[in-house]
Amino acid sequence: MRFSHSILVICLITCTVSCTGSRIIKFPNKVDTKDKPIVLQHKQVEFVTDVGVYVSNDFPGARLNNISVKNDSTLILRIQPENEPINNSAYFAFKTWTSNERDIYFQFSYPKGYKHRYIPKYETANRGWVQVDSTVFFIKDTIATLKFRVLKDTTLIAAQEVRTSQDVKDWYTGLTKKNAPTTRLKSIGKTHLGRDIPMMDIYKGSATNKDIIVLLTRQHPPEVTGYFAFQSFLETILQSGKLTDAFLEKYRVIAFPLMNPDGVDLGHWRHNAGGVDLNRDWGRYRQPEVSAVTNRIENIVKEQEVKVLLGVDFHSTWHDVFYTNVEREHTNLPNFVSDWFTQLEANIPNYKVNEKSAISTKPVSKGWFLKRFNAVGITYEIGDETPRDFITLKGKISAHEMMKLLTNSN
């Protein structure tokens with residue numbers, strides 16, 4: 001049985017200089033970020049007669065391109081990326097259920113050159129996410145297989161916890177309402193497919209003379225552990241107290257909680273609906289999401305005559321790591337990185353910062369913050385399987401220690 005697909009090409013008119021007014025930044029390694037065709041999944045619910053189960057990719061965030069029957073208890077799941085070349089980060093998500101409960105083996109199949117990345121997780125009837133263990137999931141000769149008890153209740157099986165654009169919207173809308181009038185919610189533009197690009201504008205009192213801290217996440221759709229850290233970080237900034245009050249009276253936080261809503265809902269491995277890695281477009285701004293964000297930051301800086309001090313971009317990778325820029329001495333916060341990391345190690349039990357510092361040769365966000373505004377740029381990466389309670393703790397403490405450093409609080 002085949003889940004058919006179609007090709008989508010989205011066209012953009014680009015300028016020799018930025019259409020948004022954002023200053024073009026030159027990086028040593030150029031990346032072509034013009035629109036490229038993507039493969040759309042055909043959404044459907046199928047009853048697989050040979051094994052007696054239903055399988056569906058008919059929901060936001062799904063990724064399943066086709067299935068085939070290996071034997072009366074084994075299904076081969078074909079998972080393909082939205083286009084190529086692409087980062088080797090194979091993402092999958094599908095639903096399954098049956099009238100008669102039974103064990104099914106799901107084998108994951110990827111195009112040549114790609115391999116399995118994520119330990120499967122599942123959620124049944126909205127009862128919370130569970131990560132499978134080695135008794136039911138194994139990789140042999142590069143073939144990943146999940147043995148799963150398919151139930152009458154619908155189970156969502158995915159590479160990572162599914163957080164759709166609506167899920168994220170529910171979170172940031174609720175957080176905004178809870179923290180009004182400190183937090184203001186705006187749409188700063190539209191994606192390729194017409195979804196809002198949200199921005200949370202956070203400060204106390206007047207916006208005048210407040211230098212800026214920028215937070216962003218979900219440039220890459222499946223990277224939800226980075227998003228979880230972003231949630232904890234931002235919620236900590238918005239907690240009522242002397243430190244947060246002092247921080248938001250002095251600084252303005254510009255937060256972008258969902259950079260790539262199209263890619264999230266399309267179930268993409270990495271790219272947006274234009275077929276592009278957004279974190280390679282921070283030089284020419286050819287994609288509407290990056291264009292809208294950079295233009296908004298530029299406008300605030302110009303209108304208020306303020307500085308961007310810090311930009312933190314939350315992502316996920318194999319293991320926790322902070323990617324930083326080598327250049328520190330002449331930035332707006334020359335001692336921040338070393339001081340911040342020292343405080344993280346002092347306040348997170350049994351924790352050692354994993355930092356990888358380099359020169360940003362490609363047009364990524366952390367390089368853009370440095371090159372455009374002389375700001376500190378940091379890519380805050382969380383491991384795919386980092387314990388979720390530790391992600392929350394790390395996000396909370398890192399936000400708290402950032403605020404202490406920037407307000408000179410003890």
Flag for Asn325-Lys366: side-chain donor and acceptor within less than 3.5 Å: yes
Under 3.5 Å side-chain donor-acceptor pair for Thr135 and Asp133: yes
Within a 6.0 Å radius of atom [atom1] on [X], are there more than 12 heavy atoms belonging to other residues, nucleotides or ligands?
{"X": "Ile359", "atom1": "CD1", "result": "no"}
{"X": "Lys147", "atom1": "NZ", "result": "no"}
{"X": "Lys362", "atom1": "NZ", "result": "no"}
{"X": "Lys394", "atom1": "NZ", "result": "yes"}

I want to know whether Phe92 and His116 have ring centres closer than 6.0 Å. yes
With respect to Asp201, which candidate in Arg184, Lys210, Arg252 satisfies the salt bridge (Lys or Arg N to Asp or Glu O under 4.0 Å) definition? Arg252
Pick out which of Arg218, Arg63, Arg195, Lys43 makes a salt bridge (Lys or Arg N to Asp or Glu O under 4.0 Å) with Asp265. Arg195
Is [Y] paired with [X] through a side-chain N to carboxylate O contact shorter than 4.0 Å?
{"X": "Lys352", "Y": "Glu345", "result": "yes"}
{"X": "Asp245", "Y": "Lys204", "result": "yes"}
{"X": "Asp196", "Y": "Lys169", "result": "no"}
{"X": "Arg270", "Y": "Glu223", "result": "yes"}

Under the 3.5 angstrom rule, does the side chain of [X] hit a backbone N or O of [Y] as a donor-acceptor pair?
{"X": "Asp211", "Y": "Val306", "result": "no"}
{"X": "Asn332", "Y": "Phe373", "result": "yes"}
{"X": "Asp281", "Y": "Thr33", "result": "no"}
{"X": "Gln160", "Y": "Asp384", "result": "yes"}
{"X": "Thr236", "Y": "His400", "result": "no"}
{"X": "Gln41", "Y": "Leu64", "result": "yes"}
{"X": "Ser232", "Y": "Ala229", "result": "no"}
{"X": "Thr225", "Y": "Ser316", "result": "no"}

Among Asn87, Val276, Asn83, exactly one meets side-chain contact (heavy atoms from CB on, under 4.5 Å) together with His271. Which residue is that? Asn83
What residue among Ile300, Leu309, Val253 forms side-chain contact (heavy atoms from CB on, under 4.5 Å) with Ile212? Ile300
[Y] and [X] aromatic ring geometry - parallel, tilted or perpendicular at 30°/60° bounds:
{"X": "Tyr110", "Y": "Phe108", "result": "parallel"}
{"X": "Tyr380", "Y": "Trp340", "result": "tilted"}
{"X": "Phe390", "Y": "Tyr351", "result": "tilted"}
{"X": "Phe341", "Y": "Phe322", "result": "tilted"}
{"X": "Tyr118", "Y": "Tyr91", "result": "perpendicular"}
{"X": "Tyr285", "Y": "Trp368", "result": "perpendicular"}

Closest approach of [X] and [Y], non-hydrogen atoms and distance?
{"X": "Arg149", "Y": "Glu101", "result": "NH2-O, 3.7 Å"}
{"X": "Leu193", "Y": "Ala273", "result": "CG-CB, 3.9 Å"}
{"X": "Val224", "Y": "Glu161", "result": "CG1-O, 3.4 Å"}
{"X": "Arg78", "Y": "Ser109", "result": "NH1-OG, 3.0 Å"}
{"X": "Met403", "Y": "Thr244", "result": "CE-CG2, 3.7 Å"}
{"X": "Gly367", "Y": "Phe27", "result": "C-CZ, 3.8 Å"}

After noting the C-alpha distance and the side-chain angles of Asn29 and Thr361, does the key distance pass the side-chain hydrogen bond (donor to acceptor under 3.5 Å, both in side chains) rule? CA-CA 5 Å; Asn29 294 340; Thr361 60; 3.2 Å; yes
Stepwise side-chain hydrogen bond (donor to acceptor under 3.5 Å, both in side chains) check, Asp170 with Gln166: CA-CA 6 Å; Asp170 290 344; Gln166 186 60 54; 2.8 Å; yes
Could you tell me if the side chain of Leu234 sits less than 4.5 Å from the side chain of Trp171, heavy atoms only? yes
Set of residues satisfying side-chain contact (heavy atoms from CB on, under 4.5 Å) with respect to Ser357, sequence neighbours excluded: Thr324, Val326, Arg328, Glu355
Would Val364 and Arg280 count as a side chain to side chain contact (heavy atoms under 4.5 Å, CB included) if you check the C-alpha gap in whole Å, the side-chain angles of each, and the deciding distance to 0.1 Å? CA-CA 5 Å; Val364 300; Arg280 298 296 183 272; 3.4 Å; yes
So Asp277 and His220, side-chain hydrogen bond (donor to acceptor under 3.5 Å, both in side chains) or not? Walk me through it. CA-CA 7 Å; Asp277 183 341; His220 301 146; 2.7 Å; yes
Name all residues meeting the side chain to side chain donor-acceptor pair (under 3.5 Å) criterion together with Asp167; count only those two or more places apart in sequence or in a different chain, and write none if there are none. Thr164
Residues in side chain to side chain donor-acceptor pair (under 3.5 Å) with Glu385, at least two apart? Lys121
Step by step, would you call His319 with Asn354 a side-chain hydrogen bond (donor to acceptor under 3.5 Å, both in side chains)? CA-CA 9 Å; His319 305 287; Asn354 179 20; over 6 Å; no
